[in-house]
Participant: 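Here you go, one structure.
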Amino acid sequence: MYLIHFCSLNALLFHSLCGICWLPISGISLRHVCLIQFRADYKNEKEVGQALAEAFQQGLVKREDIFITTKLWNSDHGHVLEACKDSLKKLQLEYLDLYLVHFPIATRHTGVGTTDSALDEDGVLDIDTTVSLEETWHAMEDLVSAGLVRSIGISNYDIFLTRDSLAYSKIEPAVNQIETHPYFQRESLVKFCQKHKIAVTAHTPLGGAAANIEWFGSVSCLEDPCLLNLAKKYKKTAAQIALRWGIQRNTIVIPKSSKVERLKENIDVFDFELSKEDMEAIKCIDRRLRTNNPEKFWGIHLFD
């Protein structure tokens with residue numbers, strides 16, 4: 001299982017990632033990282049595709065040695081094949097290793113490749129009631145049959161929507177990518193997914209840190225005394241403690257950063273192990289606090 005991944009927010013971050021993964025002096029390679037993730041709504045696929053093409057051409061890395069993921073945006077639920085082909089074209093790839101349904105909601109189609117949120121005249125997300133999640137999933141399954149995608153998964157699905165997806169799927173989700181971190185542990189959902197052999201990926205394993213504090217006014221778990229005390233004990237940072245906790249609960253963590261030193265720090269979590277007692281201590285600081293909530297932009301409480 002790939003336990004730690006990089007998530008690319010923009011071209012600058014991707015080239016920082018390239019600098020770490022492909023320069024021998026760094027001591028880190030893509031074989032250690034294993035996965036690069038992009039999202040159509042980051043609007044970075046074209047730039048990343050150019051960087052990948054250069055890397056393949058120069059022999060810095062082989063396609064089969066990296067695991068690449070991107071996501072289906074909300075407005076493309078009724079246009080899954082076209083959206084996937086558009087991402088492949090931009091990324092200059094023949095196939096994706098993993099393709100995820102980004103959110104369990106279909107919105108008004110605004111054209112393949114356009115990823116701005118479709119809002120109505122009141123500034124509320126314009127939901128498309130003609131496309132079901134089941135229909136979207138079967139279209140995702142067709143991508144596997146067509147050889148465009150190796151595996152498919154879901155993202156931001158709660159326990160009930162995950163259960164439903166298992167009921168109607170011919171190809172079961174390989175992954176459910178969710179927000180989970182020490183302040184939002186979601187133990188029931190994590191255990192349900194793992195029970196049914198759905199890998200859990202934590203897309204906000206550090207609680208969003210500065211970005212989510214700025215966007216959503218959330219509280220960072222990295223300032224919690226428990227994590228800070230454990231950081232001193234293990235001679236690590238609070239972020240490394242949070243990532244190690246995520247790994248030891250058998251979730252896959254996707255830390256995001258645009259700083260090279262942070263990228264290196266995020267990988268440096270395999271030379272220690274939290275004790276059972278310390279894992280229990282972190283379990284006790286759960287606040288059930290979601291830090292990444294798109295209602296600010298969409299005008300609806302998606303997760304109610």
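Starting from 1, each residue takes its place in the sequence as its number. If you're wondering where the values come from, they're calculated on a predicted model, not measured in any experiment.
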Participant: Just how far is it from atom CG of Leu189 to atom CD1 of Ile159, taken to the nearest 0.5 Å?
Facilitator: 6.0 Å

Participant: Cation over ring, Arg63 on Phe56, under 6.0 Å and within 45°?
Facilitator: no

Participant: Could you check whether any side-chain N or O of Thr107 sits under 3.5 Å from a backbone N or O of Asp128, counting only pairs where one atom can act as donor and the other as acceptor?
Facilitator: no

Participant: Is it true that a side-chain atom of His196 and a backbone atom of Leu166 form a donor plus acceptor pair closer than 3.5 Å?
Facilitator: no

Participant: Does this structure show an ion pair linking Lys90 with Asp86, if we count only N-O contacts that are shorter than 4.0 Å?
Facilitator: yes

Participant: Looking only at heavy atoms, what is the nearest atom pair of Pro205 and Pro255, with distance?
Facilitator: CG-N, 3.8 Å

Participant: CZ of Phe103 to CH2 of Trp298: how many Å apart, nearest 0.5 Å?
Facilitator: 4.0 Å

Participant: Can you find a side-chain donor-acceptor pair between His102 and Ser155 that sits under 3.5 Å?
Facilitator: no

Participant: Return yes if a side-chain donor-acceptor contact under 3.5 Å exists between Thr180 and Arg249, otherwise no.
Facilitator: yes

Participant: If Ile, Leu, Val, Met, Phe, Trp and Tyr residues are connected whenever their side-chain heavy atoms lie under 4.5 Å apart, and connections chain through other members, are Leu161 and Val131 in the same group?
Facilitator: no

Participant: State which residues pass ring pair (Phe, Tyr, Trp, His ring centres under 6.0 Å) with His138; sequence neighbours excluded, sorted by chain then number.
Facilitator: none

Participant: Hydrophobic cluster membership, with links at side-chain heavy-atom distances under 4.5 Å among I/L/V/M/F/W/Y: are Leu100 and Val112 in one?
Facilitator: no

Participant: With no hydrogens and no angle check, is any side-chain donor or acceptor of Lys236 less than 3.5 Å from a backbone partner on Leu230?
Facilitator: no

Participant: Without swapping roles, check the side chain of Glu45 against the backbone of Leu91 for a donor-acceptor pair under 3.5 Å.
Facilitator: no

Participant: Does either side chain, that of Gln248 or that of Arg244, offer a donor lying less than 3.5 Å from an acceptor on the other one?
Facilitator: yes

Participant: Give a yes or no answer on whether the side chain of His203 reaches the backbone of Gln177 with a donor-acceptor pair at less than 3.5 Å.
Facilitator: no

Participant: Taking the side chain from Asp76 and the backbone from Val80, do they hold a donor-acceptor pair closer than 3.5 Å?
Facilitator: no

Participant: Charged N to carboxylate O below 4.0 Å: is that the case for Glu265 and Arg262?
Facilitator: yes

Participant: Decide, yes or no, whether a salt bridge links Lys233 with Asp278 under the criterion of side-chain N to carboxylate O below 4.0 Å.
Facilitator: yes

Participant: Who pairs with Tyr95 by ring pair (Phe, Tyr, Trp, His ring centres under 6.0 Å), at least two apart in sequence or on another chain?
Facilitator: none

Participant: Spell out, as yes or no, whether a donor-acceptor pair under 3.5 Å connects the side chain of Ser151 to the backbone of Asp97.
Facilitator: yes

Participant: With rounding to the nearest 0.5 Å, note down the distance linking CD1 in Ile241 to CG in Leu222.
Facilitator: 11.0 Å

Participant: For Glu295 and His301, does a side-chain donor sit closer than 3.5 Å to a side-chain acceptor?
Facilitator: yes

Participant: Nearest 0.5 Å, what's the CD-CG distance between Gln240 and Leu227?
Facilitator: 12.0 Å

Participant: Residues two or more places apart in sequence or in another chain: which of them pass ring pair (Phe, Tyr, Trp, His ring centres under 6.0 Å) with Phe184?
Facilitator: none

Participant: Glu179 side chain to Thr291 main-chain N or O, any donor-acceptor pair under 3.5 Å?
Facilitator: yes

